[in-house]
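We're numbering straight along the sequence, starting at 1.
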Amino acid sequence: MAGKKAAKVPRDEYERELLRLQTELVKLQEWVRAEGARLVVVFEGRDAAGKGGTIKRVAEHLNPRVARIAALPKPTERERTQWYFQRYVEHLPAAGEIVLFDRGWYNRAGVEHVMGFCTKEEHELCLRQCPIFERMLVEAGIVLRKYWFSVSDTEQQERFRRRLEDPVRRWKLSPMDLESITRWEAYSRAKDEMMVHTDIADASWYVVESDDKRRARLNMIAHLLASVPYHEVPPPVLDLPERPPSTGYERPPRDLRTYVPDHAASL
């Protein structure tokens with residue numbers, strides 16, 4: 001976002017608009033299912049840029065049988081011997097499915113390159129093949145959207161600090177995450193080079209300013225909805241049936257079952 005920094009979105013406005021957008025995401029989901037469409041959304045960006053939180057809000061009210069999150073771990077020894085894009089292909093959607101990639105095939109353009117986990121030749125090959133790979137996806141009929149979450153160095157460091165102090169989010173930090181602080185410029189150069197090679201007409205990059213997490217989530221979801229030509233699919237007409245009269249069933253005594261203790265009663 002150019003110019004003056006925008007004010008943070010108030011929580012009540014954020015929650016109201018988020019619910020409206022999530023309602024539209026459900027309509028998008030039903031369109032994908034009814035039309036047999038295939039939607040891939042790639043979330044990329046620096047560590048602590050807000051990708052995970054946004055993905056959670058996108059998927060929160062969606063059917064996990066239709067929309068799934070693909071967050072691949074580091075490759076196995078066998079996967080390291082495969083064509084680089086091979087392990088991502090098996091996670092692509094079939095008809096009527098949505099896949100949200102929590103980081104995708106851009107690991108080699110970013111962390112692998114900066115941390116020395118791939119060779120110079122492997123990195124260059126990835127940048128050459130990535131546009132070809134993505135054009136193949138689009139030509140095959142897959143709707144592909146790519147979002148880069150952009151966070152400032154000061155905001156990233158503050159988020160790291162909060163994670164270190166928060167026992168329920170401490171797991172999000174790794175030594176590699178913290179090392180990214182000392183390699184900020186290297187990651188910046190890697191991102192710039194990646195954009196030059198992979199920001200193509202068939203699969204553009206969309207940058208999401210994410211220092212304000214609420215604003216980033218709303219902006220990303222609104223853009224996704226506006227970029228896909230979905231329409232509302234009328235739901236099937238359902239009527240709640242009347243419960244039939246009892247035929248004499250009696251529930252077994254409760255003491256025959258083992259119940260969890262009522263922890264809530266102790267609060």
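Contact between Q156 and S180 at its shortest, heavy atoms only, is NE2-OG, 4.0 Å. In plain terms, the two heavy atoms of A59 and I69 that are nearest each other are CB-CD1, 4.2 Å. Closest approach of A190 and A109 over heavy atoms only: CB-O, 3.6 Å.
Hydrophobic clustering (ILVMFWY, side-chain heavy atoms < 4.5 Å, transitive): V58 and V99 are in distinct clusters. In the hydrophobic clustering of ILVMFWY residues, with side-chain heavy atoms under 4.5 Å counting as a link, I200 and M194 come out apart. Under the 4.5 Å side-chain heavy-atom criterion for grouping Ile, Leu, Val, Met, Phe, Trp and Tyr, L218 is not connected to L19 through any hydrophobic cluster.
A donor-acceptor contact under 3.5 angstrom links the side chains of Y14 and R217, judged on distance only. Q22 and E60 share a donor-acceptor pair across their side chains, judged by distance under 3.5 Å alone. A side-chain donor from one of D177 and S174 sits under 3.5 Å from a side-chain acceptor of the other. A donor-acceptor pair shorter than 3.5 Å cannot be found between the side chains of E44 and W205.
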Candidate pair L225 and L25, rule side chain to side chain contact (heavy atoms under 4.5 Å, CB included), full reasoning: CA-CA 7 Å; L225 291 167; L25 284 170; 3.8 Å; yes
Given side chain to side chain contact (heavy atoms under 4.5 Å, CB included), test Q157 with R161 step by step and report yes or no. CA-CA 6 Å; Q157 191 152 359; R161 184 193 63 77; 5.9 Å; no
Given the rule in the side chain to side chain contact (heavy atoms under 4.5 Å, CB included) test, do M115 and R183 qualify, once you have shown the distances and angles that lead to the verdict? CA-CA 9 Å; M115 300 301 294; R183 297 177 184 245; 3.7 Å; yes
Could you walk me through whether K146 and E134 pass the side chain to side chain contact (heavy atoms under 4.5 Å, CB included) check? CA-CA 11 Å; K146 304 185 307 189; E134 292 179 349; 2.8 Å; yes
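At distances below 3.5 Å, at least one donor-acceptor pair connects side-chain atoms of Y84 with backbone N or O atoms of R108. Counting only distance, with no hydrogens or angles, the side chain of R163 and the backbone of W171 share no donor-acceptor pair below 3.5 Å. The backbone N or O of M195 lies less than 3.5 Å from no partner atom in the side chain of D199, so there is not a single donor-acceptor pair. With hydrogens and angles ignored, the 3.5 Å screen pairs no side-chain donor or acceptor of S150 with any backbone N or O of V207. Here the side chain of K51 pairs a donor or acceptor atom with the backbone of R46 at under 3.5 angstrom. With hydrogens and angles ignored, the 3.5 Å screen pairs no side-chain donor or acceptor of K172 with any backbone N or O of D47. The backbone N or O of L224 lies less than 3.5 Å from a partner atom in the side chain of Y147, making a donor-acceptor pair. Distance alone, capped at 3.5 Å, is enough to place a donor-acceptor pair between the D212 side chain and the V9 backbone. D102 places no side-chain N or O within donor-acceptor distance of the main-chain N or O of I55, the cut-off being under 3.5 Å. Judged by distance alone, with hydrogens and angles left aside, the side-chain atoms of R103 form no donor-acceptor pair with the main-chain N or O of L72 at under 3.5 Å.
Between H113 atom NE2 and E193 atom CD the span is 5.5 Å, to the nearest 0.5 Å. L178 contributes atom CG, which lies 11.0 Å from atom CE of M176 (distance to the nearest 0.5 angstrom). Put simply, CD on E13 and CZ on R215 are 9.5 Å apart, with the number rounded to the nearest 0.5 Å. In this structure, T81 OG1 and E79 CD are separated by 9.0 Å, a value rounded to the nearest 0.5 Å. One distance of note links OG1 of T23 with CG of L28; it measures 12.5 Å at 0.5 Å rounding. Rounded to the nearest 0.5 Å, atoms CZ (R57) and CG (L62) are 13.5 Å apart.
Residues C126 and F85 are in side-chain contact: their nearest non-hydrogen atoms beyond the backbone lie under 4.5 Å apart. In this structure, the side chains of S227 and R145 come closer than 4.5 Å at one or more pairs of heavy atoms. The shortest side-chain heavy-atom distance between Y230 and E24 falls under the 4.5 Å cut-off. Side chains of M220 and V41 form a contact here, defined as non-hydrogen atoms less than 4.5 Å apart. Put simply, the side chain of H197 does not reach to within 4.5 Å of the side chain of R128, judged on heavy atoms. You'll find the side chain of L144 stays beyond 4.5 Å of the side chain of L39, heavy atoms only. With a 4.5 Å cut-off on side-chain heavy atoms, F101 and F43 do not count as touching. Counting only heavy atoms from C-beta outward, the side chains of P93 and I98 never approach each other to under 4.5 Å.
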May I have the list of side-chain donor-acceptor pairs in residues 231-247 shorter than 3.5 Å, sequence neighbours left out?
{"unit_1": "S246", "atom_1": "OG", "unit_2": "G248", "atom_2": "N", "d": "3.0"}

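A distance of 6.0 Å or more separates the ring centres of Y206 and W148. Note: Y88 and W83 fail the aromatic proximity criterion, with ring centroids not under 6.0 Å apart.
When each of R68, R38, R33 is checked for a side chain to side chain donor-acceptor pair (under 3.5 Å) with E97, only R68 meets the rule.
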